[in-house]
Amino acid sequence: MKKKQFETEVIHGGYNTEDYHDSLVPPLFQTSTFTFSNAKQGERRFAGEEEGFIYSRLGNPTVKILEERLAILEGAEKALAFGSGMAAVSAVLFSLVKSGDHILCSKGVYGCTFGLLQLMEEKFNIQHDFSLMETEENVQNALRPNTACIYIETPINPTMKLVDLQMVAKVAREKGIPVVVDNTFCSPYLQKPIELGCDVVIHSATKYICGHGDVVAGLVAGSEDFLNKVARTTQKDIGGIISPFDAWLLLRGLKTLPVRMDRHCENAEKLAKALAAHPAVEQVIYPGDPSNQDYHIAVKQMRKPGGLISFTIKGSKEDAQTFMDRLKLIKIAVSLGDAETLIQHPATMTHSVVPKDDRTEMGISDTMLRLSVGLEAWEDIWQDLKQGLDKA
Ligand SMILES: *Cc1c(COP(=O)(O)O)cnc(C)c1O
């Protein structure tokens with residue numbers, strides 16, 4: 001069958017109505033277990049000699065449709081769903097590395113991923129380093145003989161720095177080291193790491209993939225070999241699986257992903273320009289800004305520059321907080337990718353666990369704010385930002 005466009009696959013991928021009593025929408029299989037028609041059938045299913053479901057931690061039809069749809073969207077052989085983004089991150093990392101190994105990370109990862117890396121170091125002697133990964137040499141020099149995986153976020157939260165995925169994948173391939181990309185900030189609509197030569201893609205599906213702020217979930221896409229191993233080990237036995245209902249909600253959210261992302265990106269572009277022109281704003285960091293140092297990477301690997309903007313305002317930490325308190329339409333909350341525009345203060349919220357010196361080195365100042373641009377009319381979002389800034 002001819003490959004369909006992304007906008008079609010988000011709606012139809014991985015699902016045939018005829019297989020499910022002609023139900024237009026994938027049914028919700030809200031069940032913990034599946035019955036065998038006789039003892040021998042149970043034996044065959046456990047032995048892997050017969051297809052079929054056994055127990056929902058090992059597989060569920062609603063979840064399977066979601067997994068097949070994501071695999072298509074990421075251009076991967078297979079995908080697996082998890083109960084949170086962090087369940088996905090930990091299942092992948094614990095599957096790839098063992099005691100004594102080393103992980104090379106982009107300089108800046110999600111706060112709880114940072115916490116997980118520390119736990120792995122303290123409890124299991126798995127070391128890690130952070131690198132800006134700005135050049136091939138940069139990456140090569142940061143690799144160690146025991147580096148078992150390269151772990152990348154791009155754009156990096158909240159500094160919005162980008163990593164050239166094709167460049168890192170090339171270096172990694174020469175050494176046979178798998179590259180894992182947390183693609184949460186982009187969704188597969190904006191960036192496809194596997195097509196750029198990377199090996200594993202992770203999503204906090206809580207964000208753009210759900211898009212409606214009502215689910216916490218994770219997804220992983222990659223090769224059949226690797227994901228079969230994850231399914232048999234760190235997914236099945238650690239057990240961070242998704243609930244069928246949450247999978248059903250994600251299937252519903254996914255249908256509008258391209259439409260939503262287009263609007264998120266369009267709004268963000270307008271707001272980034274308006275913010276940059278306001279006298280109370282010191283700096284705007286947005287990958288779609290042609291004067292941004294990583295703009296060439298954005299053009300190369302992202303369909304559009306995304307729906308997140310970081311900016312610093314003139315003044316102190318208290319001025320930043322006072323500004324947030326003046327906002328009315330925009331909600332103060334962590335998370336991102338929702339219909340509602342959200343603002344958060346990384347220094348005291350998502351990155352408060354990072355020591356201040358490390359934060360400063362990463363470029364996270366006390367006056368930096370991160371805006372997850374929602375789907376409201378951009379004029380209304382701007383009016384709210386403007387009234388807050390005008391008083392600053
Ligand atoms: C939110 C987030 C996570 C963690 O996902 P949960 O669904 O909250 O467990 C991981 N990576 C990034 C980039 C995120 O934004």
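Atoms within a ligand are numbered from 1 in the order they appear, just like the ligands themselves. The first residue of the sequence shown is numbered 1, and numbering continues consecutively from there. Keep in mind the model is a prediction, meaning the values are calculated, not measured.
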Tightest non-hydrogen contact, residues Glu224 and Glu77, listed as N-OE1, 2.7 Å
If we number the atoms of ligand 1 from 1 as shown, the ones under 4.0 Å from a heavy atom of Asp182 are 10 (C), 11 (N), 12 (C), 13 (C)
(Q) Donor-acceptor pair, distance only, cut-off 3.5 Å: does the side chain of Asn183 make one with the backbone of Gln191? (A) yes
Atom 5 (O) of ligand 1 sits nearest the protein heavy atom Ser204 OG, 2.9 Å
- Is there a donor-acceptor contact under 3.5 Å linking the side chains of Glu269 and Asn267? no
- Query: Is it true that the side chains of Thr184 and Asp182 contain a donor and an acceptor less than 3.5 Å apart?
  - Reply: yes
(Q) Under 3.5 Å between any N/O of Glu153 and any N/O of ligand 1: does that happen in this structure? (A) no
Exercise for the section: May I have the step-by-step check of salt bridge (Lys or Arg N to Asp or Glu O under 4.0 Å) for Glu43 and Lys40, ending in yes or no? Expected result: CA-CA 5 Å; Glu43 181 178 359; Lys40 279 286 174 204; 3.2 Å; yes
### Query
Does the N or O separation between Leu336 and ligand 1 drop below 3.5 Å for any pair?
no
Quiz item: Within the structure, does Lys207 bring an N/O atom to less than 3.5 angstrom of an N/O atom in ligand 1?
Solution: yes
Nearest heavy atom to atom 7 (O) of ligand 1, choosing from Val334, Thr206, Asn157, Val109, belongs to Thr206
Quick note on ligand 1: atoms under 4.0 Å from a heavy atom of Gly85 include exactly 5 (O), 6 (P), 7 (O), 9 (O)
Can you tell me if Gln387 and Lys391 form a side-chain donor-acceptor pair at under 3.5 Å?
-> yes
At under 4.0 Å between heavy atoms, what of Ala217 touches ligand 1? The answer is backbone
of all protein heavy atoms, closest to atom 4 (C) of ligand 1 is Tyr110 CE2, 3.3 Å
TODO: Verify whether one side chain among Gln41 and Glu50 offers a donor that lies under 3.5 Å from an acceptor in the other.
DONE: yes
